[in-house]
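Heads up: the structure comes next, in C-alpha cells.
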Amino acid sequence: MQDSRIHRQYPFDEIEPKWQRYWEENKIYQTDLSKSGNKLYCLMMFIYPSGDKMHIGHWYNYGITDSWARFKRMLGYNVFEPMGYDAFGLPAENYALKFGVHPAISTQNNIDYIRNQLRGIGAMFDWSKEISTTDAKFYKWTQWLFLKLFAKGLAYRKMAPVNWCPSCQTVLANEQVIDGRCERCDSEVTHRDLTQWFFKITEYADRLLAGHKKLDWPSKTISMQKNWIGRSDGCEIVFTEVSTGQDIPVFTTRADTVFGVTYIVLAPEHPLVHRITASSNIKAVRDYIEKARKQSEIERTSTVKEKTGVPTGAYAQNPINGENIPIWIADYVLLGYGTGAVMAVPGHDQRDFEFAKKFNLPVREVIIPAGGKSPDMLEAAYADEGIMVNSGDYSGLSSTDGQKKIAEHLKSIGRGEARVNYRLRDWLISRQRYWGVPIPIIRCHRCGEIAVPDDQLPILLPETTDFKPAGDGRSPLAKIPEFVNADCPKCGGPAERETETMDTFVDSTWYHLRFLDPDYENGPFNPSLAKKWMPVDRYVGGSEHAVTHLMFARFINMFLYDNGYVNFEEPYPILRHQGIITHHGAKMSKSHGNVVIPDDYIKIYGSDTFRAYLMFMGDYEEGGDWDDTGINGIHRFLGRVWRLIEPNCPDLAEKKFPLFIKDELEDADKELYIQLNRTIKKVREDLDAQKYNTAIASIMELVNSLYKNIEAGNQSPIFYHSIGDLILLLAPITPHLSEELYHIAGFEGSIFDAQYPDYDKDAIVGDNITMVIQINGKLRASIEVKPGIGQDEFEKIAFDYEGVRKYISGKSIIKKIFIKDRLLNIVVR
RNA sequence: GCGAGAGUGGCGGAAUUGGCAGACGCGCCGGACUUAGGAUCCGGUCCCUCACGGGGUGGGGGUUCGAGUCCCCCCUUUCGCACCA
C-alpha cells in the first residue's frame, strides 16, 4: 500500500464519522423487538477476541452481510443485527500469559479495540444488545444450561482416553483436533486417560442427522456433519474366546461375510487383551502394545504405512459356523470405534486382506459378484456386495438378504443383532484452564456430584494472579482454596467445587438467544421475545465451524426444544458461509505472518471503499487471495459517483418525477430509462443471490452512461430520476456515501428508511434487439430488429444482407436453425 | 486413496444455463485538459496477421447446426474425509 500515490476521491473522512454518529444518535439500528412482523434476524458469528484484532476475514463476513441486510431492510424487513464477543478461551488466555496481563484485562482491552474496529465498518449493529460471554450475567446462564443437561443425565463425568494438548495444557474435544493437532496452537496432540466432563451429544446423533433435511445450508457443510456423525448400519456379532469363554463382540457392516472370517483383531488397548493372551505370547504382545502407545495419533492413523500386528495365541469361536480362529492385535483397529475389535474377512475387506497377506493368514472367498466372474483373490479383496458362497445354508443369498438373515439368527441364539454404530463421540467439555466458565458442580464425599442450586448462580470465576496452567492436568482454580472449599448443597458437609472450566464452544451454543434481551434476569433468554424472533433468519460465518459450533449449537437447541424452553428445533435454518480471504495463497494466521488488518485501508480509502472492494473482488462464497491493487479502482468509482451527484443534484428531492411511459420518451432518454430499469432488476436479483460483484459492475455501467448523458448535454428528468435511484441502489453497498448524497439531494431522514427502487417491467425490453446470423455456426452478421420477429420475416432480412449473401451464394442450404430473438444459423454446403 | 468444487486475457473476474467468449474493474497504451499529473475526462487493449482472414475458455476425444457450458479419458488445483470394520 503506497498512500502517497492515493488521491482522496471524496471527503469520506468527514462523511463516515458523521453518519455513524447520526445513526447512533437517532437509534436507526435499534430494532424494536416487540414487533415481529417481517422480522429478519440476521446473525453473523460473533467475534472471538483472542488477542488478534479484527482482520479482513471478519470484515468480509460482517461488512458484506451487513450490506445484504441493509438491502433487505430497504425492501421492508425489520432487521435485527446484533454483535458480541466470544471472549473466553485458550487464545485469549495464551495471549494474556504471553504478555503477563491478566486475561480479564487483556480481554477487556481487546474488546475495546475491536469494538472500535467494528464501529468503523458502519454496520447496522444494534449496540444496545451487545453481549460478552465473559460477562457474569451471561455465563450465569451458561452454567444454568450445564445444570439442565446435568439434571437430565446429559452432562456426566467419565474416565476416558482423551486428547491432551501439551502446549495448551488441557484436554480437547475430538472436534478440536485437526489431523492429530491442536486446532488452536497446532501442537501435536497426545493421549491421556483422564476423568472428564462430557455432554451426551451421541444421544442426539440421529436427530442431528434427521434435522439436516430441514436446513437450507451449504451442502458441503451438511455432508461434513454427516461424515462426522458417521452413522453406520451393521451388526454386532459376539465371538467367544475359547479357553476363557470370554465374549468378544465385534461390529461389522458385512455380516454376510461371516463365513469368510479367518481371524479376529483386537485394538492393542482392548481390555481383554491381557486376559486372553497365551503365556508364550505375552512378551511379544506387551512389546507391541508399548510400541503402539508411543506412536502419535498421526503415525497411528496413517493409511500409507504397512500393517503391523502380533498374534495373542488365543482363539475365538465363530458363533455362526463354530469355527475356531486365531486372535491377533493390530493398531489398524481402533479402540474408540465400534467394539474395538473386528472380525477379519481378508477376502472381502482390503485392510484385512493386506494384513492377511503380510502374516500368511488364510483368505476365503464367500461373496461373488452377482452374475459376474469371481475376481482373483490373490490380487485384492472383493469388497462390493454380491452373492454369498461357501456359506452353508446361506449360500446363494444376496449380501443384503444375508445380512438380514444372519442378524436374525444371531439374535435368536443370543450372539448378536443388528446394530447402528456412530463415529460421533460424546462432546468433551471440561478444560483445565482458568479463562472459562466454571462448571457449577460440588463434589461431596458423601453425596457425590451435586448440582449448584440455581439461586447460587453464577459461580464467579475467582480473581487470581496465578492463572497459569499447572501442567499436572489440574485446573488453576484447584490452587485457590477459597474457591475450592464449599458446603455440600445437599448435606451441608464440607465439599469441594469442580475446578474445571467449560469449553468455549458451550458459550456459543445459545448466544443467539441471549442477544434478544442481554439483561434478562429470569432466565437465559426472554421467552416472549424468543417466540417472536427465533429462529435466526440468516446465519453467516466461516465453514470451519461445520462440525464444532454449528453442530454443538444444533444439539443444545434440540435439548432446549425437548425440554420446552424453545419452540423450534433448528436454531439456524438458513446458513451461508463467507469465502476465505487468503494472503499470498495461504490462510491468514499469525504463524504465517500474513494477517492483513483492515484499519490502514479504512484510514486511506474509507470504510465504504473497503466494503465495496471486498464485494467486488469476486464470488462471495469463494473468497480469494487478498490483493489491494484493485482497490483504487473502486475508490475512483465512488469518486465518480460523488462528482456526478454532489454538484448536480441539490433539490433533487423537490423534483416531482412523472410516471414515465417508455414509448413517450425521446431516444436518449428511452435508452437511459431502459438501462436504469435493467440495472435495478439486475442489482435486486444479484444482491439477493449474494452476487455482489456483478451487482456493482452493473451499477458502474449505469454511472458510465450517466456521464455520457452529461457529456451529451442530456440532463432531462429521466437523468435526475436515474440519479435518485442510483443513490438508493448504492445504499447497501456504500452506506455512508449514499446517506450523504441522499441528504445533499435534499431528502430527509435516513436513506435506510427509504424503499429500494423497483423496476418498471415494461421498460426492461428495448425497441430493438440484436440478432445474430451464423453460417455453419460461425458468426457472420448481427442485425438490429424488433423483438419477437418471426422466422420468415427475419430470413427475408438476413438473406438480403450483403454480409450474409457472400457466404451463401453458390452453396446449397441444408438447414436453418432459428432461435427467437437470438439467432439464425444457416448450414450450407 | 475416496468424495465434492474449480481451471476463461498480463491480473481479479463476467457470460440470461447449449446460442455474439472476455461484461465490470485493475494494469498497460494513446489522446484531451494542464506549470505539473501520481488528479480528472475520452478512447484503445484475447492471440497471430500490414491486411484479407484465422485461432482461442487446462490437455485429448465425443455429442450437436452450434460447446466455456453436456458426455468420456487425462493433467493441475482448492476443500473435505482418510485403516470407521
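Throughout, protein chains are lettered first and strands after them, A, B, ... in sequence-line order, and every chain is numbered starting at 1.
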Look at the aromatic rings of Y613(A) and W626(A) and report parallel, tilted or perpendicular, splitting at 30° and 60°. perpendicular
More 5' along RNA chain B: M224(A) or T252(A), using each one's nearest nucleotide? M224(A)
P-based separation of C65(B) from G12(B) [nearest Å]: 37 Å
Output the rounded distance in Å from CH2 (W642(A)) to P (U40(B)). 16 Å
Looking at every strand, decide which applies to K816(A) at a 4.0 Å heavy-atom threshold: base, sugar-phosphate, or nothing. nothing
For the pair made of CD1 in I699(A) and C1' in A14(B), what is the distance, rounded to whole Å? 16 Å
In 5'-to-3' order, the base (B), backbone-only (S) or no-contact (-) status of each nucleotide in nucleotides 18-25 of chain B, using a 4.0 angstrom heavy-atom cut-off, is -BB--BBS
For the residue pair D206(A) / Y422(A), report whether a side-chain donor-acceptor contact shorter than 3.5 Å exists. yes
Using the C1' atom in both, what is the distance from G27(B) to C11(B), to the nearest Å? 7 Å
Side-chain touch W328(A)/L361(A), heavy atoms, less than 4.5 angstrom: yes
Between C73(B) and G5(B), how many Å separate the two P atoms, rounded to a whole number? 15 Å
Protein-nucleotide distance (N632(A), atom CG; U40(B), atom C1'), rounded to Å: 14 Å
Measure from OH on Y707(A) to P on G43(B) and round the result to the nearest Å. 13 Å
Is the Lys NZ or Arg CZ of K307(A) less than 6.0 Å from the centre of Y332(A)'s six-membered ring, within 45° of the axis? yes
Rounded P spacing from C81(B) to G44(B) in Å: 50 Å
For Y759(A), does the six-membered ring have the charged nitrogen or CZ of K761(A) within the cation-pi criterion, i.e. under 6.0 angstrom from the centroid and within 45° of the normal? yes
Quick check on G80(B): is either OP1 or OP2 less than 4.0 Å from any side-chain nitrogen or oxygen of S223(A)? no
Please verify the inter-ring angle class for H348(A) with Y382(A); under 30° counts as parallel, over 60° as perpendicular, anything in between as tilted. perpendicular
Side-chain atoms of K815(A) come closest, of C83(B), C65(B), A82(B), to C65(B)
Using the P atom in both, what is the distance from G68(B) to A21(B), to the nearest Å? 8 Å
Is there a Watson-Crick or G-U wobble partner for G80(B) with both distances under 3.5 Å, and if so, which one is it? C2(B)
Reckon V265(A) touches a base, only the sugar-phosphate, or nothing at all at heavy-atom distances under 4.0 Å? nothing
Could you tell me how far C75(B) sits from G60(B) if I compare only their P atoms? Round to whole Å. 15 Å
Distance between C1' atoms of A15(B) and C79(B) (Å, rounded): 26 Å
Whole-Å distance, I178(A) CD1 to A82(B) C1', equals 14 Å
Of E711(A) and V827(A), the one whose nearest nucleotide on RNA chain B sits closer to the 5' end is E711(A)
Does A85(B) have OP1 or OP2 sitting under 4.0 Å from an N or O in the side chain of Q350(A)? no
Return the orientation label for the F610(A) and Y601(A) ring planes: parallel under 30°, perpendicular over 60°, tilted otherwise. parallel
Partner of U40(B) under the Watson-Crick or G-U wobble criteria, both distances under 3.5 Å, comes out as A32(B)
Write down the distance between CD (E622(A)) and P (U78(B)), rounded to a whole number of angstrom. 14 Å
Verify the distance criterion only: is there a donor paired with an acceptor across the side chains of W228(A) and E175(A) at less than 3.5 Å? yes
Can a side chain N or O of R643(A) be found less than 4.0 Å away from OP1 or OP2 on C41(B)? yes
Looking at C52(B), which nucleotide sits across from it as a Watson-Crick or G-U wobble partner, both distances under 3.5 angstrom, or is there none? none
With under 30° as parallel and over 60° as perpendicular, where do the rings of F251(A) and Y337(A) fit, or are they tilted in between? perpendicular
Specify the glycosidic conformation (syn or anti) of U17(B), with syn defined as within 90° of 0. syn
May I ask which nucleotide in the shown strands pairs with G25(B), Watson-Crick or G-U wobble, both distances under 3.5 Å? C11(B)
Expressed as a whole number of Å, how far does the C1' atom of G30(B) sit from that of U76(B)? 39 Å
At under 4.0 Å between heavy atoms, what does K226(A) touch on the DNA or RNA strands: base, sugar-phosphate, or nothing? nothing
So which nucleotide from A85(B), G53(B), U40(B) ends up closest to the side chain of Y807(A)? G53(B)
Please evaluate residues K681(A) and E685(A) with respect to the criterion salt bridge (Lys or Arg N to Asp or Glu O under 4.0 Å), reporting the C-alpha separation (whole Å), side-chain torsions for both, the decisive distance (0.1 Å), and the verdict. CA-CA 6 Å; K681(A) 181 169 189 282; E685(A) 288 167 358; 3.1 Å; yes
Glycosidic conformation of G55(B), syn or anti, with 90° from 0 as the boundary? anti
Between C1' on A14(B) and OH on Y692(A), what's the gap in Å once rounded to a whole number? 18 Å
Between C1' on A39(B) and CD on Q9(A), what's the gap in Å once rounded to a whole number? 8 Å
From the candidates G55(B), A4(B), A39(B), the one with an atom nearest any side-chain atom of H7(A) is A39(B)
For G55(B), does either OP1 or OP2 sit under 4.0 Å from a side-chain N or O belonging to K778(A)? yes
